[in-house]
Visitor: 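Shown below is the structure under consideration.
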Amino acid sequence: MSQFKSDFLNILSERGFIHQISDPEALDAQAKAGAITGYIGFDATASSLHAGSLVQIMMLRWMQKTGHRPIALMGGGTTKIGDPSFKDESRKMLSVEQIASNLDGIKQVFTKFLTFGEGATDARMVNNADWLDHLNYIDFLRDYGVHFTINRMLSFDSVKLRLDREQPLTFLEFNYMILQGYDFLELSRRHNCVLQMGGSDQWGNIVNGIELGRRCDQKQLFALTTPLLTTSSGAKMGKTASGAVWLNADLLSPYDYWQYWRNSEDADVTRFLKLYTEMPLPEIARLGALGGSEINDAKKILATEATTMLHGRATAEEAAETARRTFEEGQSAAGLPTLDLDLDAGTGLLAACVAAGFASSNGEARRSIQGGAIRINDQAVSDEKLLLTRAMMTDGVIKLSMGKKKHVLVKPA
RNA sequence: GGGGGAGUGUCCCGAGCGGCAAAGGGGGCGGACUGUAAAUCCGCUGGCUUCGCCUUCGUAGGUUCGAGUCCUACCUCCCCCA
């Protein structure tokens, strides 16, 4: 991609955020000429965002850092519909109460990445329920429905998956892209917002908004999408076996968050450093060039920097130190998750494994033990009927582990 | 309204002459090898008080010693005709 004139696009481009831009030259010129306003929408489908949304959040942050004004749009209204883009089946409908409580959970994370306020480059948080909830159906159809043709909407790739699979695409969901387009128009009118960013799966939806802006207000709006982010082996960002990589600390501890980045694949390190940290590019290039086992140092830096972005420097360092003692010295480092159990009467090993989250049933725990996965104080155990008692404690705790990476410190209740 | 087809292990895809806890993938977890990586190989992948018992194939009934498999009704979806 050629050099841009604006800092904003240059940085996004160099760091690998850009997949497509609707009219790069014109957007670049506007961003060069003065502060622009751009937004990204977030739907409230869960009580926390996960690592998959991190790229979007970082884009908003860069936007602010380069002198522009970011808007975080909460999908209080659109979540009631559910985005069908590239989904092979419809999502369960969320209750209004559920959406409201999800929004509360999601909001907190933005304050860590953005500075909110009323100033020219202060970030705003708005909720599309503010305008979507009160739309008058007939008026809306007459004013905006005329600008959309079914012919065109059916041509979008985002709905093809559903249609090709002969899965139902309800009229409710089909309206999602219209409402998202309308959001863009509304933000452009209310906040002079000219840019919508999002994942590449959002391209179709965003372009609809651009179209609407042109037709209704003769105004040029822009789209900028990020590449679909996967790990080198093709897994989606932000999902692991044990579930999503949540950003809220009450759902995923800073230690586990640090571990997520630490376990990145070699081939991803450079890309991730660019996207998920603010480290200067020359430094990243140096780290990325490390070969063999030295790249582990780069991964530790990635983990600590990425965790710092979310949880702060001190917490990140603490997670790094806990990991260092656990993995490099093999100690039962304080800072590992702890678990209170009855050690006087003794607690069965199976129950302890379930309580520690190593297994979801006794049967699963039993199989893990038979497979040699469970260790007590770093000694493999094979007796599934074993009782955990005070006699096993060293330094007041029993270290219970599964595999190389999962450890819990058991304390007397 | 008429005709045809589909719904399988609560992660997904998907086989399944009436004997089935149900083939095979993918994914995941664990082990070996390594560098807390990748690749490769091996094991596990419904629940329990585990020599056995219990619950699973859209839902509810029925036939049968025995039903994911056959019959009936219903639900949901797809296609064709009206």
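Keep in mind that the numbers below use all heavy atoms, side chains included, and drop hydrogens, waters and symmetry copies. The model shown is predicted, which means the values in this text are computed figures rather than measured ones. So that the names make sense, note that chain A is the first sequence line, chain B the second, and so on, each numbered from 1.
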Visitor: Over how many whole Å does the gap from Lys406(A) atom NZ to C29(B) atom P extend?
Guide: 6 Å
Visitor: In terms of side-chain heavy atoms of Ser361(A), which of A37(B), U34(B), G47(B) is nearest?
Guide: G47(B)
Visitor: With a 3.5 Å limit on both atom pairs, tell me what A38(B) is paired to, counting Watson-Crick and G-U wobble, or say none.
Guide: none
Visitor: Determine the interatomic distance between P on G27(B) and the same-named atom on A22(B); round to the nearest Å.
Guide: 24 Å
Visitor: Take the protein atom CG of Leu290(A) and the nucleotide atom P of A37(B), then report the distance between them rounded to whole Å.
Guide: 18 Å
Visitor: Arg367(A) side chain: which of C44(B), A38(B), G30(B) is closest?
Guide: C44(B)
Visitor: Could you check Phe42(A) against Phe110(A) for ring pair (Phe, Tyr, Trp, His ring centres under 6.0 Å), going step by step and ending with a plain yes or no?
Guide: CA-CA 11 Å; Phe42(A) 297 89; Phe110(A) 287 95; 4.8 Å; yes
Visitor: Could you give the distance separating U50(B) and U76(B) at their P atoms, to the nearest angstrom?
Guide: 44 Å
Visitor: For U34(B) and C51(B), measure between their P atoms and round to the nearest Å.
Guide: 39 Å
Visitor: Across all strands shown, which nucleotide pairs with C57(B) by Watson-Crick or G-U wobble geometry, both distances under 3.5 Å?
Guide: none
Visitor: Starting from C1' on G28(B), measure out to CD on Glu364(A) and report it in whole angstrom.
Guide: 10 Å
Visitor: Using whole Å, report how far CG of Asp268(A) lies from P of A37(B).
Guide: 14 Å
Visitor: Take the protein atom CG of Asp266(A) and the nucleotide atom P of A37(B), then report the distance between them rounded to whole Å.
Guide: 10 Å
Visitor: Classify the nucleic acid contact of Ala323(A) as base, sugar-phosphate or nothing, counting any heavy atom under 4.0 Å across all strands shown.
Guide: base
Visitor: Compare the minimum distances between each of U49(B), A37(B), U36(B) and the side chain of Arg366(A), then state the nucleotide with the smallest one.
Guide: U49(B)
Visitor: Only pairs with both distances under 3.5 Å count, Watson-Crick or wobble alike; so what is the partner of G43(B) in this structure?
Guide: C29(B)
Visitor: Considering only the P atoms, how many Å lie between C12(B) and G28(B), rounded to the nearest integer?
Guide: 15 Å
Visitor: Under a 3.5 Å limit for both distances, which nucleotide forms a Watson-Crick or G-U wobble pair with G1(B), could you say?
Guide: C81(B)
Visitor: Need the pair for G7(B). Rule: Watson-Crick or G-U wobble, both distances under 3.5 Å, any strand; none if unpaired.
Guide: C75(B)
Visitor: Both Ile295(A) and Leu350(A) contact RNA chain B. Taking the nearest nucleotide for each, which residue is further toward the 5' end?
Guide: Ile295(A)
Visitor: Would you say the ring centroid of Tyr257(A) lies under 6.0 angstrom from that of Trp246(A)?
Guide: no
Visitor: What closest approach, in Å, do Ile57(A) and Leu247(A) show between heavy atoms, and which atom pair accounts for it?
Guide: CD1-CD1, 4.0 Å
Visitor: By nearest atom, which of the nucleotides U36(B), C29(B), C48(B) is closest to the Phe327(A) side chain?
Guide: U36(B)
Visitor: Using the P atom on both, measure G68(B) against G62(B) and round to a whole Å.
Guide: 15 Å
Visitor: Which whole number of Å gives the distance between the P atom of G1(B) and that of U63(B)?
Guide: 31 Å
Visitor: Lys404(A) has an atom NZ; how far is it from atom C1' of A37(B), in whole Å?
Guide: 11 Å
Visitor: Using a 4.5 Å cut-off on heavy atoms from C-beta on, say whether the side chain of Ile71(A) contacts that of His191(A).
Guide: yes
Visitor: Of Ser264(A) and Gly371(A), whose nearest nucleotide on RNA chain B comes first from the 5' end?
Guide: Gly371(A)
Visitor: Is the shortest side-chain N to carboxylate O distance from Asp378(A) to Arg375(A) below 4.0 Å?
Guide: yes
Visitor: Which nucleotide wins on minimum distance to the side chain of Asn296(A), given the candidates C44(B), C48(B), G35(B)?
Guide: G35(B)
Visitor: Distance check, P atoms only: C48(B) and U36(B), in whole angstrom units.
Guide: 34 Å
Visitor: Applying a 4.0 Å non-hydrogen cut-off, can you work out what Glu294(A) is touching in the nucleic acid: base, sugar-phosphate, or nothing?
Guide: nothing
Visitor: Atom CG of Asp256(A) and atom P of U36(B): how far apart are they, to the nearest Å?
Guide: 18 Å
Visitor: Write down the distance between CG (Asn263(A)) and P (G28(B)), rounded to a whole number of angstrom.
Guide: 13 Å
Visitor: Reckon Lys405(A) has a side-chain N or O less than 4.0 Å from the OP1 or OP2 of G31(B)?
Guide: no
Visitor: Would you measure the distance from the C1' atom in C13(B) across to the matching atom in C57(B) and give it in whole Å?
Guide: 15 Å
Visitor: Please report the closest heavy-atom contact between Phe8(A) and Met59(A), naming both atoms and the distance.
Guide: CE1-O, 4.4 Å
Visitor: Under the salt bridge (charged side-chain N to carboxylate O under 4.0 Å, His left out) rule, what do Glu278(A) and Lys65(A) come out as? Steps first, then yes or no, please.
Guide: CA-CA 11 Å; Glu278(A) 294 184 322; Lys65(A) 286 193 112 180; 3.1 Å; yes
Visitor: Where does C13(B) land, syn or anti, once you apply the within-90°-of-0 test for syn?
Guide: anti
Visitor: What does U64(B) pair with, Watson-Crick or G-U, if both distances are under 3.5 Å?
Guide: none
